[in-house]
Number of protein chains: 2
Amino acid sequence: MRTRQILQDGSGTPERPQEIRGAKVVRLGQQSRAKAAVGADAEAIYRRILSAIIEHRLAPGRKLVEERLAAVFGASRAMIRQVLTRLSHEMVVTLVPNRGAFVAEPTVEEAREVFEARRLIEPALARKLALSATPAQLARLRELVAAEEKARAQRDRQQVIRLSGEFHLEIAEMAGNAILARQMRELTLLTCLIIILYDSPVGRACPEDEHRRLLEAFAQRDQDTAAALMLHHLDHVEQSLDISLAAQDDDDLERIFS
Amino acid sequence: MRTRQILQDGSGTPERPQEIRGAKVVRLGQQSRAKAAVGADAEAIYRRILSAIIEHRLAPGRKLVEERLAAVFGASRAMIRQVLTRLSHEMVVTLVPNRGAFVAEPTVEEAREVFEARRLIEPALARKLALSATPAQLARLRELVAAEEKARAQRDRQQVIRLSGEFHLEIAEMAGNAILARQMRELTLLTCLIIILYDSPVGRACPEDEHRRLLEAFAQRDQDTAAALMLHHLDHVEQSLDISLAAQDDDDLERIFS
DNA sequence: ATAAACTTTTTTGTCGACAATTTCTTGACT
DNA sequence: AGTCAAGAAATTGTCGACAAAAAAGTTTAT
């Protein structure tokens, strides 16, 4: 993956002193190729943990013990702590006082809310991008869709989820509203967790070519179609979860008696 | 708050710490009456600093020196640091590596983006609330509007800004989507900063009774009117800033040559 | 055998100290 | 004077140590 120059990330936009700043662009946490067992800045650790969560190597609910992580990354506990608080602000990790950090487990209610939020925001972003997309941007999106289709062909479900999220995030960033892009990043990350949690392994026929059709609408500057497709796509993804949303209720037994 | 029973499984480490969460509801940082010079948990410090920023006692761009704050609140520097990173994640404070923390100064571009985001989200929330508002909720909103009108009558501009933000935030929370409410909190906080920065002292005729009319639409369960009023209101507020948005360009001299 | 009470171990929370960096001050030079 | 450089002061970044809390393990009594 190439390092792209986009100003974003959860820790706030660097106001006045525009550049300074590490400048590393953090997407949905693609795994860093360098295995680098030692020497680690907070940014790198952040990305590796995020990757592990997105790629489901750290399952939702999993406890993240500070000292353990510190040992793994050859970092101090303070640094791990810093990373965990950042992840908790991004809602990927739940921080429970005196208990520790856990990979977030969005509830069914939260899942519904996330999709409701996305339905409000993303069609509007699609509309914007349809109006303004440059050839370079379209090429970049095509690249992502191609990678996703390839991963799908190889039945690499984790990569499909990650790349699909990245596709939506890229659209948000291209739409030219950094604030909304930031919020979409949160929603996209949450969506990855939700899919991991609530996706039914049976009815797997989700986005298929919907991303590609969306892309075509961008290319043709067809705002209405782009917005409509995006809305439909989101509904589609949410629908594919509904089955398990119901099934999940059984699992809530412990929560009911508390 | 209740402590929930967490089931720890032998092999892996799946747990579910759902929803213990901060629990304390933090609004836009109403000033705590207790001046409490000593003994301070992170939450209290957070609220006091946020209050100071919202109420413009800490102006945008102002540097926040850790040790100074630690002395003021009788807390350790580590604790201040924790609060500052939280504020930076909420975009109220900008954290510059090796330089320190500064009260955020949203750019004109960011201001535009914030209002664009709000136009997408808030009319939908207004529509939802119009459908579901309970008498108690309406009473609470009436209370807020009354307080705002009183502050306006007393020409207490800071309180007007704060209460106005609180009104919008309350609507977001009542609308029944916690994710969106959270995002609206960020946007509302940013809006407070934006108004402080870019409000023209001349054309002061902003929301007037718009909040009250919105409230009436809720009371009558008139979804369409509520959404339309909200949209109009947001445009109105943004318009009132436009004059200074242009004027601000002059001020950007330093930014241009950097 | 079960459950409560106690003890040990693990894990998190907090602080102060030291190193690295930036900012301010002083002084020399053109 | 103005600019630059070196030193001093202030400020941030990082770490390890200790205290507090929770979890796991052990004993004891019923």
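Because the structure is a prediction, the values reported are computed rather than measured. Per chain, numbering begins at 1; letters A, B, ... match sequence-line order.
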side-chain contact (heavy atoms from CB on, under 4.5 Å) involving [X] - partner list, sequence neighbours excluded:
| X | result |
| --- | --- |
| B/T191 | B/V114, B/F115, B/R118, B/I195 |
| A/I196 | A/H56, A/P60, A/I161 |
| B/A175 | B/L125, B/K128 |
| A/E113 | A/E109, B/N177, B/A178, B/I179 |

Could you tell me which residues satisfy salt bridge (charged side-chain N to carboxylate O under 4.0 Å, His left out) with A/R68, sequence neighbours excluded, listed by chain and number?
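Once residues adjacent in sequence are excluded, A/R68 has no partner under the salt bridge (charged side-chain N to carboxylate O under 4.0 Å, His left out) criterion.
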
Treat primed atoms plus P, OP1 and OP2 as sugar-phosphate and everything else as base, then score nucleotides 11-17 of chain D 5' to 3': B for base contact with protein heavy atoms under 4.0 Å, S for sugar-phosphate contact only, - for none.
SBBBB-B

